Each structure stands twice: as C-alpha cells, then as structure tokens.
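Here is the structure we will look at, set down as structure tokens.
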Amino acid sequence: MEFSIALLKGDGIGPEIVDSAVAVLEKTAAKFGHRFSFTPYLIGGCAIDETGIPLPPETIEGCLASDSVLLGAVGGPKWDDQPGNNRPEKALLGIRSALGLYTNLRPAKLYPALRSASPLKDEVIGKGFDIMIVRELTGGIYFGDRGYREGRYGQEAFDTEAYSVTEIERIGRAAFESAMKRSRRVCSIDKANVLESSRLWRKTMHELSGKYPEVQYSDMFVDNAAMQLVRDPGQFDVIVTSNMFGDILSDEASQITGSIGMLASASLGETTRGMYEPIHGSAPDIAGQNKANPIATILSGAMMLRYSFGLSAEADAIESAVDTVLSAGWRTADILGSTDGTPLTCTEMTEKIIEVL
Ligand code: NAD
C-alpha cells in the first residue's frame, strides 16, 4: 500500500526524533511491502524564524493533502519573548483545529522491563498498568471566550469552559469504542460537584453509557482521579475527560510510567487522517546532542500505522521490536537506572530497533 506522511519536525529534539521514526517506518515499509512518502513542513519556532508565524498556511495545506501527519515537538527559550498569539505552542492548537482533530489518545503503559524507572512503590504498581487516556482536544477552556475586564478587585483576566452535548458525545463514543477493544472499562472524569459544564458532561456520558452495555462505566471527580492514579493506577482501563483535565492527568500518568520519552499519542477526528506525536516537548536542554529517547516518536509512528492506515500487524511489529530492545537491557540516558551501564544515543537506539525489525 502507498501512504503520504507530512512531517512536522519542529524545534529542539524534534528533528532528531522524527528522523528516527522515519527510519523505523521506512524499514517497516520495506519489510511489509508498502511505500511511505514523507514531506516536511515548518511548524513552531523554526516556522517563526522562516516566515514570522508558527503555523504557515502551506503547513496546513500540506497536512490536509497528506494521508497522515507525524509531529516532533515545538518551542524553546529562543521564542519565549513572542507574544501569546504567536508562540510556537499556539501552532499545536491551530493545526489540531485545522485538521478537525478532537480526540486525543494517550496510552500510559508500564513496560515490565522499566518497572524500576517508575517513581511508584512496587506494591502500588502491583501487576502493572496499561491506561488509555482519551482527552477532548478542540473544546473547553483552551478554546473558550477569554479576555480582560474590570472585576471586583480591578482589572482581571478570564477564560471560559464550555462544552456542548455534541462535543461530549463524540469524545465519549471514541472512549467507549476504544474500551471495546481493550478491557471494556471506561471512567469519565469531571468536576460535576462544582462546574455546570461538568454536570452536562456527566449527564451526557451516563446517557451514552447506556448504548454500550458491555462496557463497565464509572465516573470520578478530577481531584480524586489525580490521587487514584498514584494510589492504584491498575484500576483504570480507559479514562475519558475534557481538554484541560486530560492535559494535566495525562502528564501525571506519563510520569508514573517512568519516562516521558516513551509515550506516544494520536489525535484523531472524523477522517482516517490523524496527527501522531510524542507527549513530551522539545527538550531544549538536550537538543542537538543525540541524547533524546526516540521511542515515543517511533511508537507514535506505530499508532499511525494502526489507527490511520489500518496496518495492525506492522504496528505490532514495531511495538514488539521496542519491547525486545528494552527487555535486552538497551537504554537511552533518560531510562537508564544507576547500574545499567552506558546509555545508547538516539541514533544507536533507533538502529537497535531497526535491527530487531
Ligand atoms: P519537555 O518535555 O521538553 O522536557 C522535560 C524534561 O524531559 C527535560 O529534562 C527533557 O530533557 C526531558 N525529555 C523530554 N523528552 C525527552 C526524550 N525524548 N528523551 C529524553 N529526555 C526527554 O518539557 P519542557 O521542558 O517543559 O518544555 C520544553 C519546550 O517544549 C517548551 O517550549 C514547551 O512549551 C514545549 N512543549 C512542546 C510540546 C509539544 O510540542 N507537543 C509539549 C510540551 C512542551
């Protein structure tokens, strides 16, 4: 099969890790008899340097013309002085919106070989955990009305959380469908004891759960969920939540797996075109040093094969190559325990994974 992939390498370690994922995808294509073509486009700080804005129209057009999109990361201290609406990170909201990507899937899985890298105690980890966080991506407070106004204590700033039934239902369906392919449990997270938008969220999720009798449904307040994730992460299968709660909880979930450099994500909408990216940022502190862990981006490539191209065997092959390399004890610096020896560079880790493939 043939697929075109738009590459948004971005800033910092973005180019290094995207190059690694491309090498792995090319090897996978060769092994399974597919052809993937890759076209790079500017996004983030490098786009500001070249064009003055973080998301040039050619990037949006290029992504819309591709079968799928692979993103590295954007941002860095060089662009910290940019005004709020021209910051590199603004491009992320813009591209998700332009591509109609309202569902964010973030798996947070503990690799048995990396158990000791988790900050949680062994008895808390128990049999391990494999959580899928389904985060709403184009609504809520990140997109609501905002501004400045005269308030009780003088000038104040405000942001607004708003969700429609349609938005809640479509993200809910994504969560229930995902649960059907996993352990068939969905926990919806909200703040319905305080927020009106959360009360509508909870009511809508309850109604939707009636359409999925095979799935065990529960709901939880976000403050409790933040505690439960570090108290008993194994209780969760699929978590579904709003944009802001998902942003925060998915970072917490990534931390308990041991390394931010291992976690992939997929952003999906109504079409098969998705955007796939590691959950970490551009890591300016290690950029250009060949030290970055490429696994999150390589696994994002595997998610692209599975969710956008329907190539499950190919995705399985990449995921199992990563498992094999980790089980054999190979590590980049970020997942190196104190007694594990010399770390691999980004390119060496990529080569190991390609060797196994
Ligand atoms: P970060 O994720 O870039 O880095 C946090 C820490 O994790 C750093 O010590 C970094 O070296 C390490 N790290 C991250 N990815 C790694 C990898 N693959 N291998 C090894 N170590 C890794 O978060 P930050 O420092 O808060 O943000 C840096 C920049 O990235 C900021 O400009 C921020 O806005 C941006 N950012 C972008 C995205 C994105 O593009 N999706 C997401 C988050 C942050």
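Counting convention: from 1, in listed order, for ligands and their atoms alike. Predicted model, so just to flag it, every value in this text is computed and none were measured.
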Checklist entry - Does ligand 1 have a heavy atom under 4.0 Å from the side chain of Val74, from its backbone, from both, or from neither? => result both

Next on the checklist: At under 4.0 Å between heavy atoms, is it the side chain or the backbone of Ile13 that contacts ligand 1, or both, or neither?
Outcome noted: side chain

Checklist outcome for this item: Any heavy atom of Asn293 under 4.0 Å from ligand 1? The part involved is both

Checklist outcome for this item: Sequence neighbours excluded, the answer for side chain to side chain donor-acceptor pair (under 3.5 Å) partners of Asp232 is none

Next on the checklist: Restricting to side-chain contact (heavy atoms from CB on, under 4.5 Å), what partner residues turn up for Pro57, sequence neighbours left out?
Outcome noted: Ile53, Glu61

Checklist entry - Against heavy atoms of Ala73, which atoms of ligand 1 measure under 4.0 Å? => result 40 (O)

Checklist entry - Between Ser66 (side chain) and Ser4 (backbone), is there a donor-acceptor pair under 3.5 Å? => result no

Item to check | Donor-acceptor side-chain pairing of Ser267 and Tyr276 below 3.5 angstrom | outcome: no

Checklist entry - Quick one: which ligand 1 atoms are inside 4.0 Å of a heavy atom on Glu277? => result 41 (N)

Item to check | Proximal ligand 1 atoms for Leu92, defined as those under 4.0 Å from one of its heavy atoms | outcome: 39 (C), 40 (O), 41 (N)

Next on the checklist: Please confirm whether the ring centroid of His34 lies under 6.0 Å from the ring centroid of Phe309.
Outcome noted: no

Item to check | Reported CZ-to-CZ distance for the pair Arg146 and Arg149, which is rounded to 0.5 angstrom | outcome: 13.0 Å

Checklist entry - Side chain or backbone of Thr332 under 4.0 Å from ligand 1, or both, or neither, by non-hydrogen atoms? => result neither

Checklist entry - Taking N or O atoms only and a 3.5 Å limit, does Ala283 qualify as a polar contact for ligand 1? => result yes

Checklist entry - Could any protein non-hydrogen atom be found less than 4.0 Å from atom 5 (C) of ligand 1? => result no

Item to check | Per-atom contacts of ligand 1 with Glu89, taking only distances under 4.0 Å to non-hydrogen atoms | outcome: 31 (C), 32 (O), 33 (C), 34 (O), 35 (C)

Checklist entry - Hey, what do you get for CD (Gln235) to CD (Gln228), rounding to the nearest 0.5 Å? => result 4.5 Å

Item to check | Pair Arg106-Ser250, side-chain donor/acceptor within less than 3.5 Å | outcome: yes

Next on the checklist: Does any part of the side chain of Asn293, heavy atoms only, come nearer than 4.5 Å to the side chain of Met262, both counted from C-beta?
Outcome noted: yes

Next on the checklist: At less than 4.0 angstrom from any non-hydrogen atom of Ile286, what atoms of ligand 1 do you find?
Outcome noted: 11 (O), 20 (C), 21 (N)

Item to check | Nearest-option assignment for atom 38 (C) of ligand 1, heavy atoms, candidates Ala287, Ala292, Gly281 | outcome: Gly281

Checklist entry - Does the protein put any heavy atom within less than 4.0 Å of atom 24 (P) of ligand 1? => result no

Item to check | Heavy-atom protein contact below 4.0 Å for atom 40 (O) of ligand 1 | outcome: yes

Checklist entry - Counting heavy atoms only, which part of Ala333 comes closer than 4.0 Å to ligand 1: side chain, backbone, both or neither? => result neither

Item to check | Shortest protein contact, atom 28 (C) of ligand 1 (heavy atom only) | outcome: Pro284 CD, 3.5 Å

Checklist entry - Do you see a donor-acceptor pair shorter than 3.5 Å between the side chains of Asn290 and Thr347? => result yes

Item to check | Location of contacts on Lys291 toward ligand 1, heavy atoms closer than 4.0 Å | outcome: neither

Checklist entry - Any protein heavy atom lying closer than 4.0 Å to atom 18 (N) of ligand 1? => result yes

Next on the checklist: Please list, in number order, the atoms of ligand 1 under 4.0 Å from a heavy atom of Gly76.
Outcome noted: 32 (O)

Checklist entry - atom 30 (O) of ligand 1: which of Ser282, Gly261, Gly75, Ala91 has the nearest heavy atom? => result Ser282

Checklist entry - If you draw a 6.0 Å radius around CZ in Arg35, do more than 12 non-hydrogen atoms from other residues or ligands fall strictly inside? => result no

Next on the checklist: Surrounding CH2 of Trp79 (heavy atoms of other residues, nucleotides or ligands, distance under 6.0 Å), is the total greater than 12?
Outcome noted: yes

Checklist outcome for this item: shortest atom 7 (O) of ligand 1-to-protein heavy-atom contact is with Ile260 CG2, 3.7 Å

Checklist entry - Distance-only, no hydrogens or angles: does the Glu169 side chain make a donor-acceptor pair with backbone N or O of Ile171 under 3.5 Å? => result no

